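Notes follow once the structure below has been shown.
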Amino acid sequence: MSAIIEKPEEVHVENVGSYDEQRYASSVSTVFPNRWSRLRYAIREPAAEFLGTMIFVIFGTGVNCQVFLSINPNVEAVPRGDFLSLNFGWAAGVALGVWIAGSISGGHLNPAITFTLAVFRGFPWKKVPYYILAQLLGAFCGAGVVYANNFHAIDIVEGGPGIRTISGSGDLLATYAASFLTPVSCFFSEFLGSAILIIAVLCITDKRNGLPPQGLVPFALFIVILGIGTSLGMNTSYSLNPARDLGPRFFTAAAGYGTAVFTYRNQYWLWCIVLGPVTGMLCGAFIYDALIFEGGESIINKPNTQAIDRYLRNPGQREKLPMGIEGARMNIDNT
């Protein structure tokens, strides 16, 4: 037996940054019984983002296909759902995806959230590229699973095998704006929904504000997504997430929908689906931190030179620091 199982190794995670300290308050000891367990530990954060995003997209695009494909009488005699079904499906997908990935990677599932947390919460920039790559791959695979599960119905709706159009079924996987919207309206719809989403996320995870009971963050996000979808979801199908759109968009391009998925409305995927959520979340995070958040990890609350000078000149007051300066306390003490 001892010849088969590798010698256990102990790994200690130390000197982590402010963001990691919130999830790894103490050093982590992990025993690796085999090589796969060692590899799994090394990739577990991007793997969690991949799996969580894939499940999220399977639920969301799956409910899109079920609701809209079943409208065709040649597919189902009775439609299987409505607009409320769509919002419940997407909300359930987000909640389950965050539940799967949350305690491992933080459950971002969204490149715009990852980028915003790097700007405003000290999330390590070195992790941003592989988080985003994992999210895109997860969304791509999720769209592929849903397509494989529904391609017979898609053939019926499109008029036969090999016929693939954006208006026929492509918009069930990636997002496309309503025809009556101007480009400015498209952008603003994604910007607004994304700003509200990040404000809700920051509030839900703010220990000094509306932190839900332990284990109920996914349920809180379920409510947030359901609310955004039912109130703001009509115009652009509320992508709010570059990975949620780009992963399925790349898949539809590979599955026969052609380059039209990228040239639609002069690269709609870039100026609306990518820039809309990113700028909206940056703006939303700025508003939340400027008006409510008191933690020292935000760039809004970094101490200025006057505060640092007062701190250095009055060592007796070091236990009575304002909220925004405690984040710099350790660095000052070490100088």
Side-chain angles (χ1 to χ4, degrees), residues 1-60 92-146 148 201 204-205 207 214-218 221 241-244 246-248 250-251 254 297 330-331 334:
M1 179 71 72
S2 60
I4 298 175
I5 299 177
E6 293 187 8
K7 182 179 180 181
E9 297 180 18
E10 190 175 60
V11 174
H12 297 281
V13 179
E14 300 175 346
N15 300 324
V16 292
S18 60
Y19 183 91
D20 287 337
E21 286 173 352
Q22 298 175 15
R23 293 189 292 110
Y24 302 106
S26 60
S27 62
V28 180
S29 296
T30 303
V31 176
F32 300 129
N34 52 51
R35 292 181 180 178
W36 172 246
S37 63
R38 183 189 295 111
L39 175 62
R40 181 179 59 211
Y41 184 84
I43 66 170
R44 66 189 197 134
E45 288 185 334
E49 287 294 309
F50 170 86
L51 183 59
T53 306
M54 185 175 72
I55 295 298
F56 151 53
V57 170
I58 288 174
F59 271 61
V94 169
L96 184 56
V98 171
W99 207 340
I100 290 170
S103 63
I104 306 299
S105 65
H108 298 183
L109 315 184
N110 186 334
I113 287 180
T114 299
F115 184 80
T116 301
L117 292 180
V119 173
F120 284 95
R121 289 294 181 273
F123 181 76
W125 283 103
K126 66 181 181 180
K127 294 184 178 182
V128 171
Y130 63 77
Y131 263 55
I132 292 176
L133 178 60
Q135 291 155 4
L136 288 170
L137 290 175
F140 181 94
C141 292
V145 169
V146 170
V201 168
I204 290 168
T205 56
K207 295 181 179 179
Q214 185 176 6
L216 290 185
V217 169
L221 290 173
N241 182 337
R244 172 265 173 272
L246 287 182
F250 277 110
F251 177 82
E297 61 267 35
M330 184 177 297
N331 291 335
N334 291 332

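The figures here come from the full heavy-atom set of this structure, side chains too, leaving out hydrogens, waters and symmetry mates. None of these values were measured; they are calculated from a predicted model.
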What are the two closest non-hydrogen atoms of [X] and [Y], and how far apart are they?
{"X": "Pro111", "Y": "Asn241", "value": "CD-OD1, 3.3 Å"}
{"X": "Val98", "Y": "Pro218", "value": "CG1-CG, 4.3 Å"}
{"X": "Val201", "Y": "Leu221", "value": "CG2-CD2, 3.9 Å"}
{"X": "Pro46", "Y": "Ala134", "value": "O-CB, 3.2 Å"}

What's the spacing between [X] [atom1] and [Y] [atom2] if we round to 0.5 Å?
{"X": "Arg44", "Y": "Ile104", "atom1": "CZ", "atom2": "CD1", "result": "4.5 Å"}
{"X": "Leu136", "Y": "Leu246", "atom1": "CG", "atom2": "CG", "result": "6.0 Å"}
{"X": "Phe120", "Y": "Glu297", "atom1": "CZ", "atom2": "CD", "result": "12.5 Å"}
{"X": "Lys127", "Y": "Leu117", "atom1": "NZ", "atom2": "CG", "result": "12.0 Å"}

Quick one: list whatever passes side chain to side chain contact (heavy atoms under 4.5 Å, CB included) with [X], sequence neighbours left out.
{"X": "Ala112", "value": "Asn110, Pro242, Pro277, Val278, Met281"}
{"X": "Ile100", "value": "Leu51, Ile55, Leu96"}
{"X": "Leu39", "value": "Trp36, Ile43"}
{"X": "Val128", "value": "Thr114, Ala118, Phe123, Trp125, Ile132"}

Partner set under ring pair (Phe, Tyr, Trp, His ring centres under 6.0 Å) for Phe251, not counting sequence neighbours: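 So Phe251 forms a ring pair (Phe, Tyr, Trp, His ring centres under 6.0 Å) with Phe140, Tyr147.
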Residue list, ring pair (Phe, Tyr, Trp, His ring centres under 6.0 Å) with Phe59, at least two apart or on another chain: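 Partners of Phe59 under the ring pair (Phe, Tyr, Trp, His ring centres under 6.0 Å) test: none.
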Val217 and Trp99: CA distance, side-chain angles, deciding distance, side chain to side chain contact (heavy atoms under 4.5 Å, CB included) verdict: CA-CA 8 Å; Val217 169; Trp99 207 340; over 6 Å; no
Beyond-backbone contact of Pro248 with Val57, side-chain heavy atoms, under 4.5 angstrom: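 Pro248 vs Val57: side chains touch.
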Just by distance, do the side chain of [X] and the backbone of [Y] share a donor-acceptor pair under 3.5 Å?
{"X": "Tyr131", "Y": "Glu45", "answer": "no"}
{"X": "Glu49", "Y": "Ala101", "answer": "no"}
{"X": "Thr53", "Y": "Phe50", "answer": "no"}

Qualifying side chain to side chain donor-acceptor pair (under 3.5 Å) pairs, either residue in residues 136-145, two or more places apart: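 For residues 136-145, and leaving out neighbouring residues, there are no side chain to side chain donor-acceptor pair (under 3.5 Å) pairs at all.
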